[in-house]
Structure formats: C-alpha cells, structure tokens
Amino acid sequence: MKFEWKKQEKEIYNVNTNPCVIDVPAQKYIVISGNGNPNDEIFSNKVAALFLVSYKIKMIYKSFAKKEHEITDYSVYPLEGIWRKASEKEKLIKEELQYNIMIRQPDFITKQLFDMALEAVRKKKDHPYLPSISFETICDGMCVQILHKGAFDNEPASFAIMERYCLEHNYKRTEQEHRELYLNNANRTKKENLKTILRYKITDIGK
C-alpha cells in the first residue's frame, strides 16, 4: 500500500480560503535553519538539500519495507517553513527574515533511516548544507490556518482574514512566527496559481 498525504490526511492539508482551527499533533521533520531573503540562491540550495535527503529516505524505506510493512511506499511531503522577523519593525525586510525550512516525514520514518539516507547522499554528492540538516519532532498544537492563493507578497491579505477570525472567535495569537506549507512548486507555477497554507499558533481566551 502507498501512503499519500493528500488523500489520507485531508484534515491537515485539505484547507480552503476560510480560516479554521486545527490541533496539529507532533510530527517528524528534517529541518534546516537560516536567515535572509528566500529569493536568494542560498535558500534554494537549502531547499534542494532537504529534497535530496527526503527522496533518499523514501528510497531506503522502500527497499526495507517490501517484506516487513503494510505500507511499502509513500508520497514525499511538501516543503514547509517557519518564518519570523528579526525585529518588530512594521516594514518587512526580507534580508532580515529568520527561518526554519523543513520537509515532514511519515510517522514510521526513524532517526536511523534519516542517518542512513544522509550518509548515502553525502557519499554521492558534496552538498554544503547536508551537515546542517537535523531530524526533529515538532508539535504545533492549536492553530488557525487558511489557504492563501496567489503570490507570496500578497499574504498580508490572508493574514488579515485570519486575525479577524481570531478576534471574532475569542482566539489569541501566541507567537509572532508563522508556518507556511507550500502545496506546489513556486519555480514551476505561475504566481497567481500558487497555493500556500498559512498557519500560526493560538490559544482560546473565551474560556
């Protein structure tokens, strides 16, 4: 059986343009951190490193899973990013952004598999950002999220809808950082067709 996140985790990824509250459980990721403009080559190279390792993990899992597991294959998850501004300046300066970019791994992927994949990629490709990748478990908990359609620079309009929703439903944002889940490839998709899930942590102040 092949595990496909689009079909089997609809409660997390099947989001529309109306805000909703979700309780996000602990999830496994491979992660790399950095700062600066996401349009720079450094950022693209870090993304490439994450996908190199993710696909190698998938290949190694498939080679072991044929006889041992019901799930013998899976779809690689999309890129995600946690973003924060370096200061409280009202104007966004992309060169000062801080980020953790990551690719989620299925629950059945282990740290041992990650280590094997990382070493296998290192032997074949001398990529400068491979040593910076870590295997982590992250739990976001209660969040509000929305599907943003269009260019990344237009995200403030969707954030305004989320903020209004929280105000109307007695939710309070707990952190200034936010998460983005990129449902399509920005390098192969027209800006107006981009789909990005925007999410940030909240607490219920109505109780």
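- Residues K125 and K56 are not in side-chain contact: their nearest non-hydrogen atoms beyond the backbone lie 4.5 Å or more apart.
- Between the side chain of R164 and the backbone N or O of L167, no donor-acceptor pair lies under 3.5 Å.
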>> Go through it in stages, so that I can follow the logic: the residues are Y165 and I146, the test is side-chain contact (heavy atoms from CB on, under 4.5 Å), and I'd like the CA-CA distance, side-chain angles, deciding distance and then a yes or no.
In response: CA-CA 11 Å; Y165 175 87; I146 194 172; over 6 Å; no
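- To the nearest 0.5 angstrom, I60 atom CD1 is 9.5 Å from L118 atom CG.
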>> I'd like to know whether V21 forms a side-chain contact (heavy atoms from CB on, under 4.5 Å) with M142, so could you lay out the CA-CA distance, the side-chain angles of the two residues, the decisive distance to 0.1 Å, and finally the verdict.
In response: CA-CA 7 Å; V21 173; M142 182 183 287; 3.9 Å; yes
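- In this structure, the separation between NE2 on H148 and CG on N154 is 5.5 Å, given to the nearest 0.5 Å.
- For Q98 and N35, the side-chain atoms include no donor-acceptor pair closer than 3.5 Å.
- Heavy atoms of other residues, nucleotides or ligands lying less than 6.0 angstrom from CG of D126 number 12 at most.
- Between R122 and P131, some side-chain heavy-atom pair lies under the 4.5 Å cut-off.
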>> Assess the residue pair F159 and W83 against the criterion (ring-ring contact (aromatic ring centres under 6.0 Å, His included)); give the C-alpha distance rounded to whole Å, side-chain angles, the decisive distance to 0.1 Å, and a yes or no.
In response: CA-CA 13 Å; F159 280 118; W83 295 91; over 10 Å; no
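- Side-chain contact check for H127 versus V121: every heavy-atom pair is 4.5 Å or farther apart.
- Counting heavy-atom neighbours within 6.0 Å of K201 NZ, excluding the residue itself, gives a total above 12.
- By the 4.5 Å heavy-atom criterion applied to side chains, N184 and L194 are counted as neighbours.
- Atom CD1 of I42 has 12 or fewer neighbouring heavy atoms from other residues, nucleotides or ligands inside a 6.0 Å radius.
- Using a 4.0 Å cut-off between charged side-chain N and carboxylate O, R199 and E80 make no salt bridge.
- Other residues, nucleotides and ligands contribute over 12 non-hydrogen atoms within 6.0 Å of the CD atom of E95.
- For the pair N45 and P128, the minimum side-chain heavy-atom distance is 4.5 Å or more.
- Taking NZ of K46 as the reference point, atom OG of S132 lies at 7.0 Å (rounded to 0.5 Å).
- When the side chains of ILVMFWY residues are joined at heavy-atom separations under 4.5 Å, either directly or via intervening members, L50 and I138 end up in two distinct hydrophobic clusters.
- A pairwise comparison of heavy atoms in A49 and I133 identifies O-CD1, 3.8 Å as the closest pair.
- In this structure, K6 and N14 have side chains that are not in contact, with every pair of non-hydrogen atoms separated by 4.5 Å or more.
- Considering all non-hydrogen atoms of both residues, Y182 and P78 come closest at O-CB, 3.1 Å.
- Between W5 and I12, every side-chain heavy-atom pair lies at or beyond the 4.5 Å cut-off.
- Hydrophobic clustering (ILVMFWY, side-chain heavy atoms < 4.5 Å, transitive): M102 and Y77 are in distinct clusters.
- Across every non-hydrogen atom of E11 and Q145, the tightest pair is O-NE2, 4.3 Å.
- Residue K2 places its NZ atom among more than 12 non-hydrogen atoms of other residues, nucleotides or ligands, all under 6.0 Å distant.
- Looking at E177, E96, E180 one by one, the single match for salt bridge (charged side-chain N to carboxylate O under 4.0 Å, His left out) with R84 turns out to be E177.
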> When you look at L97 and K85, which way does the side-chain contact (heavy atoms from CB on, under 4.5 Å) test go after all the steps?
Replying inline: CA-CA 5 Å; L97 284 170; K85 294 194 295 183; 4.3 Å; yes
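- Neither L147 nor I82 shares a network with the other; the hydrophobic side chains, linked directly or stepwise wherever heavy atoms of I, L, V, M, F, W or Y lie under 4.5 Å apart, form separate groups for each.
- Smallest separation of non-hydrogen atoms from P25 and C139: C-SG, 4.0 Å.
- Counting all heavy atoms, side chain and backbone alike, V144 lies closest to P19 at CG2-CB, 4.1 Å.
- Annotation: cation-pi pair K28/F135 absent, no NZ/CZ under 6.0 Å from the ring centroid and within 45° of its normal.
- The CG atom of N37 lies 11.5 Å from the CD1 atom of I93; values are rounded to the nearest 0.5 Å.
- Residues Y61 and Q105 have side chains that never bring a donor and an acceptor to within less than 3.5 angstrom of each other.
- Between Y200 and Y171, the distance separating the two ring centers is not shorter than 6.0 angstrom.
- With a 6.0 Å radius and a threshold of 12 heavy atoms from other residues, nucleotides or ligands, Q112 has its CD atom at or below the threshold.
- Contact between I109 and L113 at its shortest, heavy atoms only, is CD1-CD1, 3.8 Å.
- There is no path of hydrophobic side-chain contacts, each under 4.5 Å, that joins F43 to V31.
- Contact annotation: the side chain of I57 approaches that of I30 to within less than 4.5 Å [non-hydrogen atoms, C-beta and beyond].
- Side chains of S134 and E136: a donor-acceptor N/O pair is present below 3.5 angstrom, by distance only.
- Hydrophobic clustering places L130 together with Y99 (ILVMFWY residues linked when any side-chain heavy atoms are closer than 4.5 Å, directly or through intermediates).
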> Given the rule in the side-chain contact (heavy atoms from CB on, under 4.5 Å) test, do F3 and E70 qualify, once you have shown the distances and angles that lead to the verdict?
Replying inline: CA-CA 10 Å; F3 180 83; E70 178 183 355; over 6 Å; no
